[in-house]
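So the structure is just underneath, and the comments pick up after that.
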Amino acid sequence: MTTRPETARAAAPALPQRRADADPSRAISPFTRFSWPLLLPLLTLVAAVVHLPSFVRPVWNPDEGFLATQARVLASGGVLYDTVVDRKPPLLPWLYHGAFAVFGDGSLWPLRVAAVLAHVVTAALLVALARRRWGDRWGAAAGFGYLLLSVGLAPEDTQAATFEVFTLPWTVAAVLCAERGRWGAAGVAVAGAALTKQTGAVVLLPVLWMLWRARRGSPGAWGRLAAGCGLPVAAVALATGGGRFVFWTVTGSGAYMSPEGAWLLAAGRGLGNAAILTAAGAGLVLPAVRLAARRRAAATAELWIWLGAAAVAVVAGFQFYGHYYLQLLPPLTLVGVAALRRLPARGPARRVAAVWTVLAAAVCTGWGFAAPRAELGHARTVAAAIRAHTDADETVLVWGMHPEQYWFAGRAPAGRFLTAGFLTNFSGGRGGARVGEEYAVPGAWADFRREFSTAPPAVVVDDSRGAPYGAAHVPGLRRLLDRGGYERVATADGAVLYARPSRG
């Protein structure tokens, strides 16, 4: 009988003490009497305010345009990774498809609402995680700090309803479940993150660290984590076709992920986005850096591992787009809050950090309303030209990097490839490096030629605008246009439209 308490203690996760080290000054906090019914509406309000600019544009970036067009193809009977393809996992395409089925496919506002809710869920999970460690006051600080920091990049990266936004709730849930010793649920959350975007899988690293510390001798816990991670991924792979799923999400993007020939461009973009985020989050970043430099890191090891793993996710692919940096925000927020707790309660540093974070969020929100709309105007102009030269039931090939033109035009794509990047390896993150047919996704040109010959598009739009993937630089496309008898019929804001003589 006397051994049971010791056994129970041995089985419990060996994680840091939580409430015992909470800041004594939290007694003056308005959240001393913690109330989710009070906090959740406030979190929702802040999330809605800072993401209000997301509702003023129909499309923020090509990822949204890709997902919207892809969802329409799926709704018309298309098959993911077959009749329409992408390099991403299926959860977000399915979400777009479902939202369009319920609310219609003419607007992205339901997805924008879903994105705001994803931010709220992420913030609430961070509250739960921080509150468990440091008490009510710092739990609230983590939730609101995250929401204010969630707009701390260029608006096209923070206001769009794209992959990283929907990955974040899964990653925080994984760490929270691991902290509570719910290893099966933690595994499911890791799988959810990976099935939203592949780089979400990096949250497995802090989860593994926490499991190793907590249950070194428990094979059951390792088994539950493995099952939680593996079974959902296996189920999705089987549902989408195992070979196709692995090819499009893992093995088929080797050339796309290589930075060869574009190191300086990639480094410049990476440093620029890092500088924007650092400036916006200085109220959290600087205290953490200061304490780390003094070897007084306030955060526990799993938070630093999580932050490091998220940094790996940012670097993966060497594109350094701003939205990649969103994966840093949850661990960065927690590390920053942990550092703020170590600052003097009566000094100005905490107040300065809070004021800076609020002001930075206000500036970034205003940036969202004032950001230029050049590409949006271009896409609408090209879409209008497409409508003028096609009937509603005809297909179109947009040879470019802005698939939202299909969506604006209300015309179906002529094949499975919604951007020229699949066939030329062009990427805005790499400029003109390693662009050409020889760098295409393996097998893509065979599929493209077959689809083009079997069901020729009514109109082909060369939207390269001088980029090295244009028809003049790609012999394979030029041959298909010549064989099909396509002739130049119009231009639209730099894009060139080709049609067969019967349509001219």
- salt bridge (Lys or Arg N to Asp or Glu O under 4.0 Å) evaluation trace for R465 with E375: CA-CA 12 Å; R465 291 176 281 168; E375 283 300 331; 3.3 Å; yes

Working to the nearest 0.5 Å, report the span between [atom1] of [X] and [atom2] of [Y].
X	Y	atom1	atom2	result
I305	L208	CD1	CG	9.5 Å
R224	C229	CZ	SG	13.0 Å
E164	T158	CD	OG1	11.5 Å
L67	E404	CG	CD	11.0 Å
F369	R57	CZ	CZ	11.0 Å
F452	T454	CZ	OG1	11.5 Å

- May I ask you to decide if the ring planes of H402 and H378 are parallel, tilted or perpendicular, using 30° and 60° as cut-offs?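 Taking H378 first and then H402, their aromatic rings stand perpendicular (interplane angle over 60°).
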
- Query: With under 30° as parallel and over 60° as perpendicular, where do the rings of Y321 and H323 fit, or are they tilted in between?
  - Reply: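 Correct class here is parallel.
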
Can you give me every donor-acceptor pair (side chain of residues 101-108, partner residue at least two apart or in another chain, under 3.5 Å) with its distance?
{"from": "D105", "atom 1": "OD2", "to": "R72", "atom 2": "NE", "distance (Å)": "3.1"}
{"from": "S107", "atom 1": "OG", "to": "W109", "atom 2": "N", "distance (Å)": "3.1"}

List the atom of [X], the atom of [Y], and the distance in Å for their closest heavy-atom pair.
X	Y	result
S464	D462	OG-OD1, 2.7 Å
L129	V175	CD2-CG1, 3.9 Å
P169	V121	CB-CG1, 3.9 Å
L148	V151	O-CG2, 3.4 Å
L153	W367	O-CZ3, 3.8 Å

- Does F408 have R380 sitting over its ring (NZ/CZ under 6.0 Å from centre, angle to axis within 45°)?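 Yes, a cation-pi geometry holds between R380 and F408.
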
- Face-on cation placement of K197 at Y324 ring, 6.0 Å and 45° thresholds: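 Yes.
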
- With sequence neighbours left out, write down each residue that passes ring pair (Phe, Tyr, Trp, His ring centres under 6.0 Å) with H51, or none if nothing qualifies.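 For H51 the ring pair (Phe, Tyr, Trp, His ring centres under 6.0 Å) partners, ignoring immediate neighbours, are H119.
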
- Item | For H97, ring pair (Phe, Tyr, Trp, His ring centres under 6.0 Å) partners two or more places apart |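 For H97 there are no ring pair (Phe, Tyr, Trp, His ring centres under 6.0 Å) partners, ignoring immediate neighbours.
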
Residue list, side-chain contact (heavy atoms from CB on, under 4.5 Å) with [X], at least two apart or on another chain:
X	value
L497	A385, H389, V459, V461, V489, A490, A492
A185	C177, R182
A237	F245

- Query: So does R488 have more than 12 non-hydrogen atoms from other groups sitting under 6.0 Å from CZ?
  - Reply: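 No - once you tally the heavy atoms of other residues, nucleotides and ligands closer than 6.0 Å, there are 12 at most.
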
My understanding is that only residues two or more places apart in sequence, or in another chain, count here; which of them pass side-chain hydrogen bond (donor to acceptor under 3.5 Å, both in side chains) with [X]?
X	answer
Q70	none
R450	D447
T69	none
Y486	R500

- Message: Measuring only between side-chain heavy atoms, which start at C-beta, is W399 closer than 4.5 Å to L481?
- Response: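 Result no, sub-4.5 Å side-chain heavy-atom pair not found.
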
- Message: Are W170 and T122 packed together at the side-chain level, in the sense that at least one heavy-atom pair is separated by less than 4.5 angstrom?
- Response: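 No, every pair of side-chain atoms sits at 4.5 Å or beyond.
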
- Under 3.5 Å donor-acceptor, Y325 side chain and G270 backbone: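 Present.
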
- side chain to side chain donor-acceptor pair (under 3.5 Å) contacts in which one or both residues fall within residues 407-420, not counting sequence neighbours: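 Output for this query lists T390-R411, R416-E451.
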
- Task: Examine the side chains of T167 and Q327 and answer whether a donor and an acceptor come within less than 3.5 Å of each other.
- Result: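 Side-chain D/A pair, T167 to Q327: absent.
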
- Looking just at side-chain N and O atoms, do T162 and E64 make a donor-acceptor pair shorter than 3.5 Å?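 Side-chain D/A pair, T162 to E64: absent.
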
- Selection residues 142-156 - residue pairs positive for salt bridge (Lys or Arg N to Asp or Glu O under 4.0 Å), sequence neighbours left out: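 Every pair satisfying salt bridge (Lys or Arg N to Asp or Glu O under 4.0 Å) with a residue in residues 142-156: there are none.
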
